[in-house]
Amino acid sequence: MQTWQTYLYGYLAIGVVCALVIVIGAWIQTPRDGTFARDLMAALDEQKRGFWYCFLRDRVIPVLTTFLIALVWPVAVVIGIQNLLERRRDRRPVFKR
């Protein structure tokens, strides 16, 4: 017999998988040798080097984002598909024979 808890656990499990895919994909696409970009950003926002700003940017915001993606994963999937289609559309040649 299926209960609403079973459906809730299934929904949240799919959401956690979607969040992990998004987080791992973003982590893989992040350039690792970005010393120029890191130095440029450090020069642009010197006033934002406080502990709380870095803590929010590096820890709190990614955790909250992952939690929200796990809750509303159908929206995240739709947005991901739209982004994929836009990238494919941008790769098409402008001139056709």
Side-chain angles (χ1 to χ4, degrees):
M1 179 195 246
Q2 300 289 336
T3 62
W4 65 272
Q5 288 100 350
T6 306
Y7 292 114
L8 177 66
Y9 294 148
Y11 180 85
L12 291 177
I14 293 172
V16 168
V17 169
C18 288
L20 286 175
V21 167
I22 291 171
V23 168
I24 291 171
W27 182 70
I28 289 173
Q29 290 180 351
T30 303
R32 299 287 178 238
D33 60 341
T35 57
F36 173 73
R38 185 174 44 243
D39 293 341
L40 183 62
M41 292 303 291
L44 289 175
D45 63 350
E46 287 183 12
Q47 72 274 9
K48 296 182 180 178
R49 289 191 178 258
F51 170 75
W52 289 111
Y53 176 79
C54 291
F55 180 73
L56 285 173
R57 183 190 66 204
D58 296 337
R59 302 286 187 253
V60 174
I61 293 175
V63 169
L64 285 177
T65 303
T66 305
F67 179 72
L68 288 174
I69 289 172
L71 287 179
V72 293
W73 63 266
V75 176
V77 169
V78 169
I79 291 173
I81 291 172
Q82 286 177 348
N83 288 339
L84 180 67
L85 293 176
E86 285 179 16
R87 277 189 267 142
R88 284 191 177 184
R89 187 174 42 233
D90 290 343
R91 282 192 235 158
R92 290 184 182 160
V94 177
F95 301 106
K96 295 181 182 178
R97 294 181 193 196

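The basis for the numbers below is simple: all heavy atoms, side chains too, and nothing from hydrogens, waters or symmetry mates.
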Asks: Considering only distance and modelled atom types, tabulate donor-acceptor pairs under 3.5 Å from the side chains of residues 61-69, sequence neighbours left out.
Replies:
residue: Thr65; atom: OG1; partner: Ile61; partner atom: O; Å: 2.7
residue: Thr66; atom: OG1; partner: Pro62; partner atom: O; Å: 2.8

Asks: What residues, two or more places apart in sequence or in another chain, satisfy side-chain hydrogen bond (donor to acceptor under 3.5 Å, both in side chains) together with Glu86?
Replies: none
Asks: Do the ring planes of Phe55 and Phe51 sit parallel (below 30°), tilted (30 to 60°) or perpendicular (above 60°)?
Replies: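 Ring orientation of Phe55 relative to Phe51: parallel.
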Asks: Could you measure the distance from the CZ atom of Arg89 to the CG atom of Leu84? Nearest 0.5 Å is fine.
Replies: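 One gets 11.0 Å once the value is rounded to the nearest 0.5 Å.
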Asks: What donor-acceptor contacts under 3.5 angstrom involve side-chain atoms of residues 7-22, with partners at least two apart or in another chain?
Replies:
residue: Tyr11; atom: OH; partner: Leu71; partner atom: O; Å: 2.7

